[in-house]
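Okay, structure first, notes after.
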Amino acid sequence: MLKEVKTRTTRIRAISQLHRGDEIEARLSVGPAYDDVVIRRGRVQETAPGIGVVWIMDHVSGMRKAINTDECSVWRVA
């Protein structure tokens with residue numbers, strides 16, 4: 001898990017709202033009584049709205065990672 005940094009975030013409900021270069025977080029819900037956990041953070045490289053996938057350059061690993069929006073929520077970091 002990533003260390004959380006207090007920044008302003010906005011939930012993205014449609015992949016079409018994302019653009020190349022946007023800074024985003026992928027969050028996974030761990031239960032009704034807990035906050036979502038940040039599992040990935042990075043810059044958008046490519047989107048595929050038809051299949052619900054966003055590719056980012058992950059800040060921690062430095063590698064390209066796919067985020068499936070059916071499995072986690074996506075948040076824009078400002």
What residues, two or more places apart in sequence or in another chain, satisfy side-chain contact (heavy atoms from CB on, under 4.5 Å) together with Ser61?
-> Asp58, Met63, Lys65

For Val77, check side-chain contact (heavy atoms from CB on, under 4.5 Å) against everything at least two apart and list the hits.
-> Thr7, Thr9, Glu23, Glu25, Arg41

Contacts of type salt bridge (Lys or Arg N to Asp or Glu O under 4.0 Å), residue Glu46, not counting sequence neighbours | Arg64

Do the non-hydrogen side-chain atoms of [X] and [Y] ever get within less than 4.5 Å of each other?
{"X": "Ile67", "Y": "Ile24", "value": "yes"}
{"X": "Asp36", "Y": "Leu28", "value": "no"}
{"X": "Cys72", "Y": "Arg27", "value": "no"}

Would you say the side-chain atoms of Arg11 pair up with the backbone N or O of Trp75, donor to acceptor, closer than 3.5 Å?
-> no

Could you report the tightest heavy-atom contact between [X] and [Y], atom names first, then the distance?
{"X": "Asp70", "Y": "Asn68", "answer": "N-OD1, 2.8 Å"}
{"X": "Arg43", "Y": "Gly21", "answer": "NH1-O, 3.1 Å"}
{"X": "Gly42", "Y": "Ile56", "answer": "N-CD1, 3.8 Å"}
{"X": "Ile12", "Y": "Gln17", "answer": "CG2-OE1, 3.4 Å"}
{"X": "Leu18", "Y": "Val54", "answer": "CD1-CG2, 3.8 Å"}

Distance, nearest 0.5 Å, that separates CZ of Arg76 from CZ of Arg8 = 9.5 Å

